[in-house]
Amino acid sequence: MTGMLISLAVVLVLAILLLIFRIQTLVKVMKGDYQDTVKPSNGYHALGLVIFMVIGFALFFWYSSVASHHYLPKAVSEHGVKTDLMFWVTMSILCFAFIVTNIFLFAFAYKYQYKKDNKALFYPDNHKLEIVWTVIPAIVMAILVFYGWKEWSEITKEAPKDAVVVEIMGKQFAWQVRYPGKDNSFGAYHFTKIDASNEFGLDFSDKSSYDDFIPSELYIPKGKPVLLRIRARDVLHSVFAPHFRLKMDAVPGMPTKFWFTPTKTTAQIREELGNPDFNYEIACTEVCGRGHFAMRFVIKVVEEAEYEEWYKTQKTFVEMNQEYVLSKATSDELKKLVMPQPNNEPPTLLIKSDSIMNISQVDSLTKKI
Amino acid sequence: MELAHSTSAHHHHTEHDHDHDHEELSFIQKWIFSEDHKVIAKQYLFMGILWAIFGGGMSLLFRLQLGFPNAKLDWLQPLLGDWIKEGKLDPEFYLALVTMHGTIMVFFVLTAGLSGTFSNFLIPLQIGARDMASGFLNMLSFWFFALSSAIMMVSIFIETGPASGGWVIYPPLSALPQAVGGSGLGMTMWLTSMAFFIVSSLLGGINYITTIINLRTKGMSFFRMPLTMWAFFITAIIGLLSFPVLFAAALLLIFDRSFGTSFFLADIYIGGEALQHTGGSPILFQHLFWFLGHPEVYIVLLPALGITSEIIATNSRKPIFGYKAMILSMLAIAFLSFIVWAHHMFVTGMNPFLGTIFMFLTLIIAVPSAVKAFNYITTLWRGNIIFTPAMLFSIGLVSFFISGGLTGIILGNSAADIQLHDTYFVVAHFHLVMGSASFFGMVAGVYHWFPKMFGRMLDETLGYIHFWISFVGIYMVFFPLHYIGIAGFPRRYYSFTGFDFTKSFTDLNTFVSIAAIITFAAQFIFVFNFIYSIFKGRRAPSNPWKSNTLEWTTPINPEHGNWPGEIPTVYRWAYDYSKPGASEDFIPQNIPYSETKESNFENEVDPIESKH
């Protein structure tokens with residue numbers, strides 16, 4: 001019934017509009033000005049463009065200032081602070097060009113609107129002017145390219161040797177992270193070894209995998225370079241940590257990486273923002289299917305000492321999944337590791353090392369099969 | 001018929017007498033399988049408008065979801081069936097909508113609908129030819145497009161839904177039916193449809209290029225061609241060089257999907273099993289896709305810019321400023337468009353050094369684009385501007401082109417792109433510079449050439465209403481998206497409730513959705529005006545805008561063959577508006593210098609052989 005009423009109302013409104021349209025057509029015929037190329041409303045459109053521009057700019061300035069605390073969240077990585085500066089420098093140049101060119105466009109449209117006795121100026125070219133406005137943008141572009149290139153090379157250069165290395169893997173529809181454990185060396189993996197328990201496809205014939213651990217949050221120390229080794233196991237994903245100005249695709253079959261240095265702990269930023277529930281987050285920015293919008297993962301930035309403490313107390317994958325590992329174990333060493341020892345001692349971890357992780361060492365050890 | 005107007009460059013001048021052997025064509029030959037470029041152009045236009053309504057309508061569905069995330073959408077159930085579950089849009093259907101909206105708008109509306117309509121309609125009319133070089137290929141081109149459209153349309157209604165991996169269809173998502181429902185039959189149909197679309201596009205493009213090179217009338221040298229012709233010519237060349245690459249990518253993807261090859265797939269574990277694919281590279285697909293994908297942006301934009309050049313010059317009553325600079329900048333854009341593609345891939349894991357190179361090349365392309373914008377503005381300077389609806393839409397286009405183009409400078413900077421890539425900032429950027437600008441070019445073209453197409457005028461009051469709602473509306477829709485993008489909101493997200501950093505801006509998203517609904521609704525004013533005026537519009541005079549180009553020298557309703565008598569000879573360029581000394585403020589291209597002694601510049605004399 002409501003449906004019918006609504007459709008009836010719509011039909012009525014349309015009929016009225018049609019009627020108005022017919023009347024205005026007839027009025028135009030009566031007035032006889034319908035054949036003029038220049039309509040009586042010509043000046044109103046010229047004025048309209050200027051009014052639109054003025055209101056548009058007013059809205060632009062007003063909203064840009066009232067919403068300024070919403071856009072571009074505070075950068076908390078070393079490179080992020082720099083790229084933010086570059087963003088705002090570039091943005092200022094762009095806003096200047098945006099405002100000036102639009103003013104010229106609409107002001108000319110208004111000023112040179114049709115007047116009966118006017119004749120346009122026959123002005124087909126002016127080489128000097130054209131060279132000037134080719135060269136100026138070219139110079140500005142050259143400066144921006146140089147600026148961008150400098151920042152980009154900084155960001156994409158090899159990670160420092162003392163970087164903390166974490167592996168992050170995207171799958172439909174979650175992120176998982178893996179740490180190399182006490183030996184500071186990631187165990188090998190292969191996608192054929194993946195199953196419901198072994199999400200990373202850890203290869204237990206590689207001893208380095210024995211002490212790898214897989215926590216539910218990404219812990220990283222403040223002030224130390226962090227290298228993310230990024231991969232995906234099904235479709236493309238993309239690691240996006242907006243607060244760290246970090247984004248890199250996760251590609252099945254082709255590991256990627258991104259390194260950065262966090263500058264504020266989670267606790268610090270919470271205090272700064274006055275928001276005790278604030279968390280650094282990772283989202284997915286490469287469409288990956290049904291749950292694309294829900295691949296949330298939390299990053300916890302802590303002081304270095306707290307990080308070391310946390311790192312030591314993490315249980316390895318092997319410890320957490322003893323039965324599973326036993327079923328897959330082929331070497332006695334591994335079996336010994338997870339089987340209860342006859343003298344009732346807890347299973348022993350193979351490698352104990354407190355040495356600081358060395359990235360080249362990690363690189364050479366983390367080989368794919 | 002096609003023999004009568006047989007169109008070899010050497011003969012078409014002397015063959016006008018054959019016009020008298022018209023045999024009556026059947027309805028089917030005349031209106032359906034027509035070989036007349038004007039009919040084919042209208043077929044493209046109708047199809048383009050239909051697709052625009054479809055593609056635009058889809059955007060409303062997902063704007064409903066984004067602007068009113070808590071709304072009950074049960075009332076859409078009669079339309080969408082099982083895609084509405086418990087009053088909510090299905091997330092996979094959301095992705096399908098986004099994908100189809102992109103595909104339809106980019107390819108079917110702004111490539112086929114824009115180039116197909118205006119290249120077909122204007123090329124023979126503006127260069128002075130009786131028809132395209134091959135009427136038959138031209139007809140095939142449209143019908144391949146129709147076939148491609150039919151397949152795409154059917155794919156929307158199948159049970160597993162249409163393709164849903166984004167219009168860029170990156171594998172592995174697009175290759176694996178187990179990854180998303182749309183990658184099943186829907187994706188197969190998408191690829192098939194696009195294969196036919198590419199065939200259509202190539203057949204059309206070959207024709208445009210051949211016609212412009214070979215069939216220009218006497219005196220129509222390349223540097224006397226209107227800028228529309230240059231734009232369509234360059235667009236066709238870009239299409240011819242880039243579409244085959246997409247074809248190759250689609251073909252390899254079909255192999256990966258159906259025949260077990262591994263061009264783009266490697267090391268995949270999905271749906272509880274490890275697949276046998278190894279050694280492929282998903283990045284390779286992205287390179288191939290964007291090798292078309294980026295030139296495609298200019299395939300969409302250049303015709304709109306060409307149309308705008310023509311309309312702005314005509315309605316400012318001034319020559320276009322820097323005619324040769326306009327051509328040079330289009331050539332530069334065309335060339336550069338082939339070597340900037342990887343700026344879509346800065347954070348795909350591609351070697352960062354490549355990123356540096358592509359950042360450099362990308363920012364170069366801003367220079368010719370800036371030149372074009374400056375030239376439009378200078379054309380307005382000291383003009384005597386008549387605001388026809390077409391002119392308003394053209395000015396709107398220039399504004400969109402500037403506003404949207406500028407943000408490209410920041411996205412083309414790889415370091416800044418890290419944060420902005422795949423956020424709403426990108427959405428705002430390309431919807432303004434490519435989507436809205438090209439759409440305005442298309443609409444401007446319809447307002448300007450409707451009298452030539454149908455012999456009647458569009459109602460200008462409705463045109464003005466259409467312009468103002470669309471112009472304001474489009475800025476209201478896309479400008480706010482910049483803020484959302486800078487805040488980091490990712491594209492193609494079904495909902496923003498899952499993250500802390502996307503909790504803000506819900507009011508702005510609602511505002512955008514309302515603006516989108518109003519803007520979309522306003523397009524029906526145009527649709528009504530269009531259909532009404534075809535039948536009931538005021539009859540058009542022969543040259544309603546007092547324009548210089550050749551199409552206005554044809555009869556008001558040109559028959560197949562365009563000119564009843566001899567094809568006019570061209571003596572001058574297309575932009576002799578407001579020439580000092582001339583009595584009128586325009587001198588059409590077919591007026592010899594001998595008739596305009598009072599306004600000729602020094603070296604402007606007719607060539608001797610033209611007096612026959």
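Side chains are part of it too, since the values below use all heavy atoms of this structure and drop only hydrogens, waters and symmetry mates. Letters A, B, ... mirror the listed sequences (proteins, then strands); counts begin at 1.
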Q: Measure A:Ile282 against the heavy atoms of chain B and call it side chain, backbone, both or neither at under 4.5 Å.
A: backbone
Q) Where do B:Gly165 and A:Val287 come nearest, in terms of heavy atoms and distance? A) O-CG1, 3.5 Å
Q | Part of B:Leu95 lying under 4.5 Å from any heavy atom of chain A | A | side chain
Q. A:Ala196 and B:Tyr269: which non-hydrogen atoms are nearest, and at how many Å?
A. N-OH, 4.2 Å
**Q.** Distance-only donor-acceptor check, side chains B:Asp459 and A:Gln24, under 3.5 Å
**A.** yes
Q) Does any heavy atom of chain A fall under 4.5 Å from the side chain of B:Arg491, the backbone, both, or neither of them? A) backbone
Q: Count the heavy atoms of every other residue, nucleotide or ligand shown that sit under 6.0 Å from OH of A:Tyr63, and state whether that count exceeds 12.
A: yes
Q. Near A:Trp149 CH2, under 6.0 Å, is it more than 12 heavy atoms from other residues, nucleotides or ligands?
A. no
Q | Atom of A:Asn42, atom of B:Ile385 and distance for their closest heavy-atom approach | A | ND2-O, 3.2 Å
Q. Side chain, backbone, both or neither: which part of B:Met476 has a non-hydrogen atom closer than 4.5 Å to chain A?
A. side chain
Q | Atom pair CG/CG of A:Leu49 and B:Leu392 - distance to nearest 0.5 Å | A | 6.0 Å
Q) Would you say the ring centroid of A:Trp152 lies under 6.0 angstrom from that of B:Phe360? A) no
Q. With a 4.5 angstrom heavy-atom cut-off, which part of A:Leu144 approaches chain B: side chain, backbone, both or neither?
A. both
Q | Under 4.5 Å from any heavy atom of chain A - which part of B:Phe489 | A | neither
Q: Heavy atoms only, distances under 4.5 angstrom: which of A:Phe258, A:Phe98, A:Phe146 has the most pairs with chain B? Name it, please.
A: A:Phe98
Q) Should the heavy atoms of other residues, nucleotides or ligands under 6.0 Å from OH of B:Tyr483 be counted, would the total exceed 12? A) yes
**Q.** Segment of B:Pro171 engaging chain A (4.5 angstrom heavy-atom cut-off)
**A.** backbone
Q.
I'd like to know whether the aromatic ring centres of B:Tyr494 and A:His292 sit less than 6.0 Å apart in this structure.
A. no
Q: Might you point out which heavy atoms bring B:Asp422 and A:Glu286 nearest each other, and give the distance in Å?
A: OD2-OE1, 3.6 Å
Q: Answer with side chain, backbone, both or neither: which region of A:Met86 has an atom nearer than 4.5 Å to a non-hydrogen atom of chain B?
A: side chain
Q. Under a 4.5 Å heavy-atom cut-off, does chain B meet the side chain of A:Phe106, its backbone, both or neither?
A. side chain
Q: Measure distances from A:Ile230 to the heavy atoms of chain B and classify the residue's part below 4.5 Å as side chain, backbone, both or neither.
A: neither
**Q.** Interchain contact, A:Leu129 with chain B, by part (heavy-atom threshold 4.5 Å)
**A.** side chain
**Q.** chain B contact via A:Val251 - which portion, at a heavy-atom distance below 4.5 Å
**A.** side chain
Q: Determine, using ring centers only, whether A:Phe21 and B:Phe528 are less than 6.0 Å apart.
A: yes
Q: Indicate, with yes or no, if the rings of B:Tyr577 and A:Phe122 have centres closer together than 6.0 Å.
A: no
(Q) Which atoms of B:Phe93 are under 4.5 Å from chain A, going by heavy atoms: the side chain, the backbone, both sets, or neither? (A) neither
Q.
Counting only non-hydrogen atoms closer than 4.5 Å, does A:Asp277 touch chain B with its backbone (N, CA, C, O), its side chain (CB onward), both, or neither?
A. backbone
Q) So which part of A:Thr101 gets closer than 4.5 Å to some heavy atom of chain B, the side chain, the backbone, both or neither? A) both
Q) Judged by modelled atom types alone, do A:Thr90 and B:Asn413 share a side-chain donor-acceptor pair under 3.5 Å? A) no
Q: Report the C-alpha separation of A:Arg290 and B:Asp90 in whole Å, then their side-chain angles, then the decisive distance to 0.1 Å, and conclude whether the salt bridge (Lys or Arg N to Asp or Glu O under 4.0 Å) test is met.
A: CA-CA 9 Å; A:Arg290 190 180 185 88; B:Asp90 183 78; 2.9 Å; yes
(Q) With a 4.5 angstrom heavy-atom cut-off, is it the side chain or the backbone of A:Met91 that approaches chain B, or both, or neither? (A) both
Q: Flag the one option from A:Ile55, A:Leu105, A:Val140, A:Asp125 with the top tally of heavy-atom pairs under 4.5 Å to chain B.
A: A:Leu105
Q. What option among A:Asn279, A:Asp195, A:Thr256 has the most heavy-atom pairs under 4.5 Å with chain B?
A. A:Asp195
Q: Tell me, for B:Lys546 versus chain A, whether the close heavy atoms (under 4.5 Å) come from the side chain, the backbone, both or neither.
A: side chain
(Q) With a 3.5 Å distance limit and no angle check, can you tell me whether A:Lys119 reaches the backbone of B:Lys579 through a side-chain donor-acceptor pair? (A) yes
Q.
Looking only at the aromatic ring of each residue, does the gap between the centers of B:Tyr475 and A:Phe52 stay below 6.0 angstrom?
A. yes
Q.
Less than 4.5 Å to any heavy atom of chain B: does that hold for the side chain of A:His243, its backbone, both, or neither?
A. side chain
Q. Which region of B:His482, side chain (C-beta onward) or backbone (N, CA, C, O), has a non-hydrogen atom less than 4.5 Å from a non-hydrogen atom of chain A, or is it both or neither?
A. neither
Q. How far apart are the C-alpha atoms of A:Phe240 and B:Phe499, what are their side-chain angles, what is the distance that settles it, and do they pass the ring pair (Phe, Tyr, Trp, His ring centres under 6.0 Å) test?
A. CA-CA 12 Å; A:Phe240 176 39; B:Phe499 292 85; 9.2 Å; no
Q: Specify which of B:Gly405, B:Gly181, B:Ala415 makes the most heavy-atom pairs with chain A at under 4.5 Å.
A: B:Ala415
Q) Are there more than 12 heavy atoms of other residues, nucleotides or ligands under 6.0 Å from atom CZ of A:Phe104? A) no
Q | Largest heavy-atom contact set with chain B, pairs under 4.5 Å, which of A:Pro137, A:Ala283, A:Pro242, A:Gly289 | A | A:Pro242
Q: Let me know if A:Met248 has heavy atoms under 4.5 Å from chain B in its side chain, its backbone, both or neither.
A: both
**Q.** Per-residue contact mode, A:Ser64 against chain B (heavy atom under 4.5 angstrom)
**A.** both
Q.
Treating B:Asp500 as the side-chain partner and A:Phe278 as the backbone partner, does any N or O pair qualify as donor plus acceptor under 3.5 Å?
A. no
Q: Determine whether the aromatic ring centres of B:Tyr464 and A:His45 lie less than 6.0 Å apart.
A: yes
Q. With A:Tyr44, which residues qualify under ring-ring contact (aromatic ring centres under 6.0 Å, His included), at least two apart?
A. none
Q: For residues A:Tyr123 and B:Pro319, report the shortest heavy-atom separation together with the two atoms involved.
A: N-CG, 3.9 Å
Q: Go through the atoms of A:Gln172 and report whether side chain, backbone, both or neither lie under 4.5 Å from a heavy atom of chain B.
A: side chain
Q | Test item: A:Lys247 side-chain N/O and B:Gln419 main-chain N/O as donor-acceptor pair under 3.5 Å | A | yes
Q. For B:Ile364, is it the side chain, the backbone, both, or neither that has a heavy atom closer than 4.5 Å to a heavy atom of chain A?
A. neither
